[in-house]
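Presented below is the structure to which this report refers.
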Amino acid sequence: MARVKKRDHEKLTDSNIAHVITLLEGEKPITKKEACGILHISYNTTRLAKIIADHREHIAYKIERKNRNKGKAASEYEIKEAATMYLKGSTITDIAQSLYRSAGFVKAILERLGVPTKPSSVEERMSVSYLPENCVAEEFAPGELAWSARYHAIVEIQHELSPEYALNKKGLVDGIDYEKKYGSKCYATSVRECTDDMGNPQGFFAFDLAQDLGKLSHLETYGVNLATI
């Protein structure tokens with residue numbers, strides 16, 4: 001359904017509009033001019049009324065769609081979209097709103113499919129996260145897209161670091177046998193995109209042990225196109 005067009009400086013989020021409606025209908029209601037100010041729109045009572053009406057219609061539509069979906073199993077489309085959107089960076093809440101489902105419903109889909117989870121706090125982002133069982137693998141192929149539990153992002157496998165190719169911090173070959181030392185192969189990877197502590201996206205080259213990498217190929221059976229993520 002079409003929504004009221006929003007200008008960049010305007011604060012027309014559902015939560016802010018709902019806040020304004022509450023203030024307008026409170027015991028000591030604010031003026032329409034004050035309401036426009038909170039929404040960061042020009043003082044225009046006709047547009048204000050349209051924004052409020054549009055919001056109420058949108059909420060009613062969401063409730064109707066959720067009620068219609070209630071009790072229904074996840075469709076192939078919903079499964080594919082939930083996994084794809086999550087890997088592209090959408091939150092579970094955003095996905096739930098997009099599919100007119102509950103957050104718990106979306107979370108259950110991701111867990112059932114074995115989609116690697118992303119940390120929500122800075123502390124969690126600084127540590128290696130858990131990989132679902134169906135992501136665990138001992139070997140990866142050059143060009144394969146995998147999940148890095150260390151960087152919490154999709155990476156592209158470049159090549160395996162055999163003792164002949166293992167580099168130390170000075171860029172010199174040091175001949176480390178990773179399987180003997182760590183019990184795991186090691187790969188040169190290209191991190192597609194992750195966020196730093198300030199939330200800024202960044203991509204870079206890295207080294208990942210196979211035990212910290214997760215397969216994503218099993219998601220393709222659910223229609224997820226990894227090449228587009």
Side-chain angles (χ1 to χ4, degrees), residues 1-72 74-75 77-110 115-126 129 151-154 191-203 228-229:
M1 58 181 293
R3 301 296 304 275
V4 170
K5 290 185 178 180
K6 171 185 172 297
R7 299 180 179 87
D8 290 339
H9 67 280
E10 296 176 337
K11 295 186 177 181
L12 300 184
T13 61
D14 285 341
S15 59
N16 199 36
I17 296 172
H19 174 60
V20 165
I21 293 173
T22 299
L23 294 176
L24 285 169
E25 296 177 346
E27 272 187 47
K28 296 181 179 179
I30 62 173
T31 65
K32 292 182 179 179
K33 187 173 184 179
E34 289 173 322
C36 291
I38 295 172
L39 296 174
H40 284 210
I41 65 173
S42 300
Y43 179 48
N44 184 323
T45 56
T46 300
R47 185 160 187 256
L48 174 63
K50 187 174 181 181
I51 289 171
I52 292 174
D54 171 78
H55 171 78
R56 284 176 166 151
E57 182 182 348
H58 176 65
I59 295 301
Y61 177 76
K62 286 172 63 177
I63 293 172
E64 188 273 331
R65 283 293 303 272
K66 282 186 176 181
N67 288 336
R68 196 191 311 168
N69 288 333
K70 195 171 183 179
K72 290 184 179 179
S75 66
Y77 170 80
E78 289 175 319
I79 292 171
K80 180 189 74 171
E81 281 300 292
T84 300
M85 290 178 68
Y86 189 75
L87 289 175
K88 283 185 174 182
S90 296
T91 65
I92 289 178
T93 299
D94 290 337
I95 299 169
Q97 291 178 348
S98 174
L99 298 178
Y100 302 100
R101 293 284 196 170
S102 69
F105 182 90
V106 172
K107 188 176 180 181
I109 290 176
L110 300 178
V115 179
T117 57
K118 290 173 284 188
S120 57
S121 67
V122 173
E123 291 76 14
E124 291 175 325
R125 286 199 296 270
M126 295 176 68
S129 62
Y151 298 109
H152 316 295
I154 290 178
V191 182
R192 283 292 185 89
E193 184 178 293
C194 65
T195 55
D196 58 23
D197 291 345
M198 300 299 291
N200 300 312
Q202 57 181 2
T228 64
I229 296 174

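Side-chain atoms are counted along with the backbone in the values below, which use heavy atoms only and exclude waters and symmetry mates.
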> Distance from K88 atom NZ to I154 atom CD1, nearest 0.5 Å?
Replying inline: 10.0 Å
>> Just so I know, are the side chains of I52 and I21 near enough to count as touching, which here means a heavy-atom distance under 4.5 Å?
In response: yes
>> According to salt bridge (charged side-chain N to carboxylate O under 4.0 Å, His left out), who are the partners of R56, at least two apart in sequence or on a separate chain?
In response: E25
> Of the non-hydrogen atoms in H9 and H40, which two are nearest, and what is the gap between them?
Replying inline: CD2-O, 3.3 Å
>> Quick check: closest heavy atoms across L24 and T31, and the distance to 0.1 Å?
In response: CD2-O, 4.1 Å
> Between F105 and K72, what is the shortest heavy-atom contact and its length?
Replying inline: CE1-O, 3.8 Å
> Rounded to the nearest 0.5 Å, how far does CZ of R47 lie from OG of S42?
Replying inline: 7.5 Å
> Who passes salt bridge (charged side-chain N to carboxylate O under 4.0 Å, His left out) against E78, sequence neighbours left out?
Replying inline: R101
>> Show the nearest heavy-atom pair for residues L99 and N69, with the distance to one decimal.
In response: O-ND2, 3.5 Å
> Can you tell me how far the CD1 atom of I51 sits from the NE2 atom of H58, to the nearest 0.5 Å?
Replying inline: 14.0 Å
>> So, using salt bridge (charged side-chain N to carboxylate O under 4.0 Å, His left out) as the criterion, who are the partners of E64 when residues are at least two apart?
In response: R68
> Do other residues, nucleotides or ligands put more than 12 heavy atoms under 6.0 Å from the NZ atom of K70?
Replying inline: no
>> To check you understand the geometry: which heavy-atom pair defines the closest contact between E10 and K6, and what is its length?
In response: O-CE, 2.9 Å
>> Would V115 and L87 count as a side-chain contact (heavy atoms from CB on, under 4.5 Å) here? Give the steps.
In response: CA-CA 8 Å; V115 179; L87 289 175; 4.0 Å; yes
> In chain order, what residues pass the side chain to side chain contact (heavy atoms under 4.5 Å, CB included) check against T45, with sequence neighbours excluded?
Replying inline: K32, Y43
> Can you name the nearest heavy-atom pair linking V191 to A153, along with the distance?
Replying inline: CG1-CB, 4.0 Å
Pairs under 3.5 angstrom only: tabulate donor-acceptor contacts from the side chains of residues 12-20 to other protein residues two or more places apart or in another chain.
unit_1	atom_1	unit_2	atom_2	d
T13	OG1	S15	OG	3.3
T13	OG1	N16	N	3.2
D14	OD1	R3	NH2	3.4
N16	ND2	K11	O	2.9
N16	ND2	I38	O	3.3

> Who passes side chain to side chain contact (heavy atoms under 4.5 Å, CB included) against S90, sequence neighbours left out?
Replying inline: M85, D94, I95
> Okay, side chain of Y86, backbone of K107: is any donor-acceptor separation there less than 3.5 Å?
Replying inline: no
